[in-house]
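Keep in mind that this is a model prediction, so the values were computed, not measured.
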Amino acid sequence: MEAVFGMALATIILTSMAAMAASSASPTTFVFGDSLTDVGNNNFLQYSLAKSNYPWYGVDYEGGQATGRFTNGRTVGDIISAKLGISSPPPYLSLSMNDDALLKGVNYASGGAGILNDTGLYFIERLSFDDQVQSFNKTREAIKAKIGSEAATKLLTEALYFIGIGSNDYVNNFLQPFLPDGQEYTHDDFVGLLIGTLGQQFQTLYQLDARKMIFHGLGPLGCIPSQRVKSKKGQCLKEVNLWVLDFNSKVEKLIASLNRRLPRADLTFADTYSDVLDLISNPTAYGFKVSNTSCCKVDTRIGGLCLPNSKLCKNRKDYVFWDAFHPSDAANVVLADKLFSRLFPKASSPAPTLSH
């Protein structure tokens, strides 16, 4: 799955959504990603092993029920959306192609997904980034049929596209000793493969009318619980973090190149590596006690998710991590409140004026 730094992705996503909300526009948003932004797509994949539609996921969500979100409660997106009066885009697999909800945006994110199609192969079923782009194309055709080509093109070129993917290409591919990519490629070769593939995916989205794309860089993967257990003293894995920084640098250069070459392209690279590293390195500064292990006592040998027979910590608000990969509801609340206060210091309405 994916790590706490994905919380920052939701921050970037909702910053843009908030700006649109503040201008009284109803934001059309299309979300692509992995388990940090999956709001239930994998629930509809019968054979997927990357699911969170069971206890203890959702234990702190409204009604105490699992929804397919990979946390004990809300995502950052849920919290900010509620403050702004904006509903998060529904999961693609929950919609029919004649659903009016398509016009307001769709979430294609899938737990276990990666840039590469073979990433997360052992989850049996998941929507890779290529699968998500193909699903978006189907949505695009449905929107054209519903409102006409001209109106559809206007809607799609003005929409926001949020992309947070790549963590699984490391955690559930390159870093797994029993999978071929980690054996066949040096990191230089592997990151080259990722960047080349990602570049083609960006261009495909562009050809499908996507213009305003926000890509969230990876955070310190070497510091998540599933990686710390590989260290003799439970420390961050420095080599992994260096690889992540290399990936981020190359994606940033890729995006700059695409912006120069593609007319009216507006791609943004969102780098929050340092912010998330600080959250993990200095948890007490954010009101937490533990950031090196998870609240749910997981077994990283069998995946690191919070299974129904897992034991929970006494106080879930003390932990940055819920399971070996994902942030807790409490961590999401801190990030969401901090973001909201920074954006809207004098907030008094569902869609207050954005602070610059």
Side-chain angles (χ1 to χ4, degrees), residues 9-10 12-46 48 51-53 58 61-63 65-71 74-111 113 125-127 129 131-165 205 208-214 350-351:
L9 169 62
I12 298 299
I13 289 174
L14 285 148
T15 299
S16 300
M17 290 177 68
M20 294 187 71
S23 65
S24 299
S26 178
T28 298
T29 59
F30 297 100
V31 180
F32 303 82
D34 45 40
S35 62
L36 269 302
T37 43
D38 187 347
V39 293
N41 276 308
N42 281 17
N43 292 353
F44 297 89
L45 300 178
Q46 182 178 359
S48 178
K51 289 186 177 181
S52 59
N53 59 342
Y61 195 77
E62 184 178 357
Q65 298 297 312
T67 63
R69 289 166 170 80
F70 287 79
T71 180
R74 300 155 292 174
T75 65
V76 170
D78 292 324
I79 299 162
I80 300 286
S81 291
K83 289 176 177 289
L84 294 174
I86 300 172
S87 296
S88 297
Y92 169 74
L93 294 178
S94 72
L95 302 171
S96 66
M97 287 299 95
N98 63 356
D99 199 317
D100 287 342
L102 297 177
L103 302 177
K104 297 182 179 180
V106 180
N107 185 315
Y108 304 92
S110 174
E125 279 189 297
R126 73 277 180 232
L127 301 178
F129 192 19
D131 292 331
Q132 294 177 39
V133 172
Q134 291 171 15
S135 297
F136 170 69
N137 188 29
K138 294 178 181 178
T139 301
R140 176 176 177 267
E141 292 302 315
I143 291 175
K144 288 169 65 177
K146 184 178 288 288
I147 64 175
S149 294
E150 184 176 347
T153 298
K154 184 177 188 297
L155 183 151
L156 295 170
T157 55
E158 293 178 355
L160 296 173
Y161 298 80
F162 307 107
I163 305 164
I165 203 154
L205 281 171
L208 297 175
D209 298 322
R211 295 294 181 268
K212 302 174 183 178
M213 291 179 264
I214 300 172

Subject >> Lys154: side-chain contact (heavy atoms from CB on, under 4.5 Å) partners, not counting sequence neighbours >> reply: Glu158
Original post:
Between Ser48 and Glu125, what is the shortest heavy-atom contact and its length?
Top reply: OG-O, 2.8 Å
Original post:
Does one side chain, of Ser110 or Asn42, offer a donor that lies under 3.5 Å from an acceptor on the other?
Top reply: yes
Subject >> Residue pair Asn137, Arg140: steps toward the side-chain contact (heavy atoms from CB on, under 4.5 Å) verdict >> reply: CA-CA 5 Å; Asn137 188 29; Arg140 176 176 177 267; 3.9 Å; yes
Subject >> salt bridge (charged side-chain N to carboxylate O under 4.0 Å, His left out) partners for Lys146, two or more places apart >> reply: Asp100
**OP:** Would you please test Phe129 and Leu205 for side-chain contact (heavy atoms from CB on, under 4.5 Å) and show each step?
**Re:** CA-CA 11 Å; Phe129 192 19; Leu205 281 171; 4.0 Å; yes
Original post:
Where do Ala66 and Ser52 come nearest, in terms of heavy atoms and distance?
Top reply: CB-O, 3.5 Å
Original post:
Looking only at heavy atoms, which two atoms of Lys212 and Thr157 are closest? And how far apart?
Top reply: CE-O, 4.3 Å
**OP:** Please identify each residue that fulfils side-chain hydrogen bond (donor to acceptor under 3.5 Å, both in side chains) with Asn41, with sequence neighbours left out.
**Re:** none
Original post:
Considering residues at least two apart in sequence or located in another chain, which fulfil the side-chain hydrogen bond (donor to acceptor under 3.5 Å, both in side chains) criterion with Arg211?
Top reply: none
Subject >> Contact summary for Val31 and Pro89, nearest pair of heavy atoms >> reply: CG2-CG, 4.4 Å
**OP:** Go through the steps to decide whether Leu156 and Leu208 satisfy the test side-chain contact (heavy atoms from CB on, under 4.5 Å), and finish with yes or no.
**Re:** CA-CA 8 Å; Leu156 295 170; Leu208 297 175; over 6 Å; no
Subject >> CD/Gln65: more than 12 non-hydrogen atoms of other groups inside 6.0 Å >> reply: no
Subject >> Which atom of Lys51 lies closest to which atom of Gln46, heavy atoms considered >> reply: NZ-O, 3.6 Å
Subject >> With sequence neighbours excluded, residues passing side-chain contact (heavy atoms from CB on, under 4.5 Å) with Ala142 >> reply: Met97, Leu102
**OP:** Just jot down the side-chain hydrogen bond (donor to acceptor under 3.5 Å, both in side chains) partners of Thr139, sequence neighbours excluded, or say none.
**Re:** Tyr108
**OP:** Taking the side chain as every heavy atom from C-beta outward, state whether Leu103 and Thr28 have any pair of such atoms under 4.5 Å apart.
**Re:** no
Original post:
Quick one: CZ on Arg74 to OG1 on Thr67, what's the gap to the nearest 0.5 Å?
Top reply: 12.0 Å
Subject >> pair Asp34-Phe70: side-chain heavy atoms closer than 4.5 Å >> reply: no
**OP:** List for me each residue that meets side-chain hydrogen bond (donor to acceptor under 3.5 Å, both in side chains) alongside Asn43, sequence neighbours excluded, and say none if there are none.
**Re:** none
Subject >> Residues in salt bridge (charged side-chain N to carboxylate O under 4.0 Å, His left out) contact with Arg126, at least two apart in sequence or another chain >> reply: none
Original post:
From Thr153 OG1 over to Ile147 CD1, what is the distance, rounded to the nearest 0.5 angstrom?
Top reply: 8.5 Å
Original post:
What residues form a side-chain contact (heavy atoms from CB on, under 4.5 Å) with Val39, not counting sequence neighbours?
Top reply: Arg69, Pro91, Asn107
Original post:
Nearest 0.5 Å, what's the CG-CZ distance between Leu160 and Phe30?
Top reply: 10.0 Å
Subject >> Pairing residues for Lys138 by the salt bridge (charged side-chain N to carboxylate O under 4.0 Å, His left out) criterion, not counting sequence neighbours >> reply: none
Original post:
Where do Asp38 and Gly111 come nearest, in terms of heavy atoms and distance?
Top reply: OD2-N, 3.0 Å
**OP:** Evaluate the ring planes of Phe32 and Phe136, with Trp represented by its six-membered ring, and classify them as parallel (under 30°), tilted (30 to 60°) or perpendicular (over 60°).
**Re:** perpendicular
Subject >> By side-chain contact (heavy atoms from CB on, under 4.5 Å) - contacts of Ser149 (at least two apart) >> reply: Lys144
